[in-house]
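Structure first, then comments.
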Amino acid sequence: MLYFPHLMDFCSFEQNQATDSEKKVSWTLARDENLKFRAALWADLHALLYNLLPSNIFFWGHLFLSFCTSDDKKCVKIKAKVLQTDEIIEIAGNLLVAADGCLSSIRQNFLPDFKLRYSGYCAWRGVLDFTGNENSETVTGIRRAYPELGKCLYFDLGSCTHGVLYELQNRRLNWIWYVNQAEPELQRKSVTMQVSSEMLHKMHQEAEKVWVPELVGVMKETKDPFLNFIYDADPLEQIFWDNVVLVGDAAHPTTPHGLRSTNMSILDAAVLGKCLAKWGTENLQSALREYQSIRLPVVSKQVLHARRMGRIKQGLLLPDREPFDPKTATSEDCQDLQQQNMPFFNDVPMILM
């Protein structure tokens with residue numbers, strides 16, 4: 001597997017803490033000093049992966065249209081449109097790896113009735129780049145309010161809401177705020193949305209009612225925050241058909257509360273690669289069966305656990321417990337907030353050993 005420690009910020013521990021929206025004070029609910037969590041900005045990770053791969057394997061400016069498999073199941077052809085010229089081209093291969101996200105159109109070909117499940121909430125997300133402003137009032141204030149930034153993954157819990165804050169490499173702060181709301185009408189087949197100045201102003205006003213002023217200051221100074229509507233799906237029964245295989249969010253749409261979406265995708269790719277290397281193209285079906293047998297049981301449990309964790313932190317109903325209230329939660333209740341409870345949290349598939 002590829003490993004890029006110079007790109008990643010290392011969080012030694014996590015802290016789940018409650019915030020009193022009226023008094024603007026916080027207290028610890030649960031703390032894990034053995035988290036050993038690494039975080040990277042997607043753009044940094046994607047850029048490094050891209051630069052490690054041959055440039056001639058990428059088809060920029062092409063829109064995927066459709067695919068078909070040959071009668072003998074040994075070949076798969078895709079059609080794509082060249083956006084600059086509107087030319088339709090065909091590309092043939094022996095395997096189609098569908099990494100087209102939670103709204104996968106390739107998956108829809110095999111599961112036409114498949115639907116995502118709306119979680120009941122959205123997330124405001126942003127990254128504050130404070131390069132050159134390390135001594136600003138906003139940065140010194142947030143470090144005073146969250147003194148272990150750079151080493152700690154912070155989870156703030158309010159009444160039926162929660163947020164996440166941690167530091168990334170190169171002087172950046174990543175923040176997320178989850179807000180319960182009705183399911184939106186998705187535009188442009190996307191689960192994210194750029195926001196208007198009016199929406200942003202309203203979010204800032206609401207944040208002032210909930211969070212400490214130092215965190216609100218970070219939100220206000222962040223350029224171009226956006227909305228992410230949170231969806232997942234019940235685990236699939238299979239993730240390959242003939243010579244088409246799903247990986248990443250196409251295979252297991254998940255809520256982000258287990259911090260696993262990117263990790264799950266990387267492990268999918270690593271395991272699939274090892275299986276293909278082991279069996280070779282002449283035994284493609286055996287390779288895909290082994291990949292599915294290794295990954296499907298793991299990701300299925302992780303998706304359901306992330307769903308449960310999100311509902312707990314958002315104060316939503318679950319069939320086996322009362323809605324979580326950080327002001328009245330017992331120490332036993334608070335243990336359910338920790339990341340180490342994720343199934344297979346430290347698991348490394350044997351095929352990668």
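As a basis for the values below, the full set of heavy atoms in this structure was taken, side chains included, without hydrogen atoms, waters or symmetry mates. Just so it is clear, the structure is predicted and the values come from calculations on it, not from any experiment.
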Is it true that atom CD of E137 has more than 12 heavy atoms of other residues, nucleotides or ligands lying nearer than 6.0 Å? no
Looking at CE of M219 and OG1 of T138, how far apart are the two atoms once the value is rounded to the nearest 0.5 Å? 13.0 Å
Walk me through whether R260 and T254 qualify under side-chain contact (heavy atoms from CB on, under 4.5 Å). CA-CA 8 Å; R260 306 304 290 180; T254 185; 5.8 Å; no
For E183, all residues meeting salt bridge (Lys or Arg N to Asp or Glu O under 4.0 Å), sequence neighbours excluded: none
Could you tell me whether the side chain of V218 reaches within less than 4.5 Å of the side chain of F130, counting heavy atoms only? no
Counting neighbours of NE2 on H201 that are heavy atoms of other residues, nucleotides or ligands and sit closer than 6.0 Å, is the number greater than 12? no
Scan side-chain atoms only and decide if D268 and S265 contain a donor-acceptor pair under the 3.5 Å cut-off. no
Applying side-chain hydrogen bond (donor to acceptor under 3.5 Å, both in side chains) as the test, list every pair that has at least one member in residues 76-88; sequence neighbours left out. none
Using 30° and 60° as the class boundaries, would you call the ring planes of Y121 and H257 parallel, tilted or perpendicular? tilted
Does W27 CH2 have over 12 foreign heavy atoms under 6.0 Å away? yes
In Å and rounded to the nearest 0.5 Å, what is the CG to CD distance from N34 to E14? 10.5 Å
Would you call L276 and L95 a side-chain contact if the rule is heavy atoms closer than 4.5 Å? yes
Heavy atoms, side chains only, cut-off 4.5 Å: are L173 and E221 in contact? no
Just wondering, more than 12 heavy atoms not from E332 lying within 6.0 Å of its CD? no
Using 0.5 Å steps for rounding, measure from the CG atom of D156 to the CD1 atom of I176. 12.0 Å
What one should report as the nearest heavy-atom pair of I88 and L65 is CD1-CD1, 3.5 Å
If you measure from the Lys or Arg side-chain nitrogens to the Asp or Glu carboxylate oxygens, is any gap between D249 and R107 under 4.0 Å? no
With a 4.5 Å limit on heavy-atom distance, are the side chains of P297 and F344 in contact? no
If hydrophobic clusters are built from ILVMFWY residues whose side chains come within less than 4.5 Å, do L128 and L165 share one? yes
About how many Å separate NZ of K301 and NE2 of H252, when rounded to the nearest 0.5 Å? 15.5 Å
Cut-off 3.5 Å, side chains only: do Q340 and Q338 have a donor facing an acceptor? no
With a sphere of 6.0 Å drawn around CG of N135, does it hold more than 12 non-hydrogen atoms of other residues, nucleotides or ligands? no
Give a yes or no on whether a salt bridge exists between D232 and R117, defined as a side-chain N under 4.0 angstrom from a carboxylate O. yes
Give the ring-plane orientation class for Y118 versus Y231, where under 30° counts as parallel, over 60° as perpendicular and anything between as tilted. tilted
For A233 and V303, which heavy atoms make the closest approach, and how far apart are they? O-CG1, 3.5 Å
Which pair of non-hydrogen atoms, one from C102 and one from V191, has the smallest distance, and what is that distance? SG-CG1, 4.2 Å
Does W177 reach the side chain of V210, with side-chain heavy atoms less than 4.5 Å apart? yes
Report yes if the side chains of V164 and Y178 come closer than 4.5 Å at any heavy-atom pair, otherwise no. yes
Calculate, to the nearest 0.5 Å, the distance between atoms CD and CD1 belonging to Q181 and I230 respectively. 10.0 Å
Centre-to-centre under 6.0 Å for Y50 and W60, is that the case here? yes
So, W211 and T19: side-chain donor and acceptor under 3.5 Å apart, yes or no? no
Assess whether atom CD of Q205 is packed by more than 12 heavy atoms of other residues, nucleotides or ligands within 6.0 Å. yes
Just grab all the side-chain hydrogen bond (donor to acceptor under 3.5 Å, both in side chains) pairs involving residues 311-327, residues at least two apart or on different chains. N16-K313, H162-Q314, N180-Q314, R308-D320, R321-D336
Quick check: is F155 connected to M309 through a chain of hydrophobic side chains (ILVMFWY, heavy atoms under 4.5 Å apart)? no
Answer yes or no: is there a side-chain heavy-atom contact under 4.5 Å between F110 and D242? no
Charged N to carboxylate O under 4.0 angstrom, R143 versus E167? yes
Rounded to the nearest 0.5 Å, how far apart are CZ of F226 and CG of D224? 10.5 Å
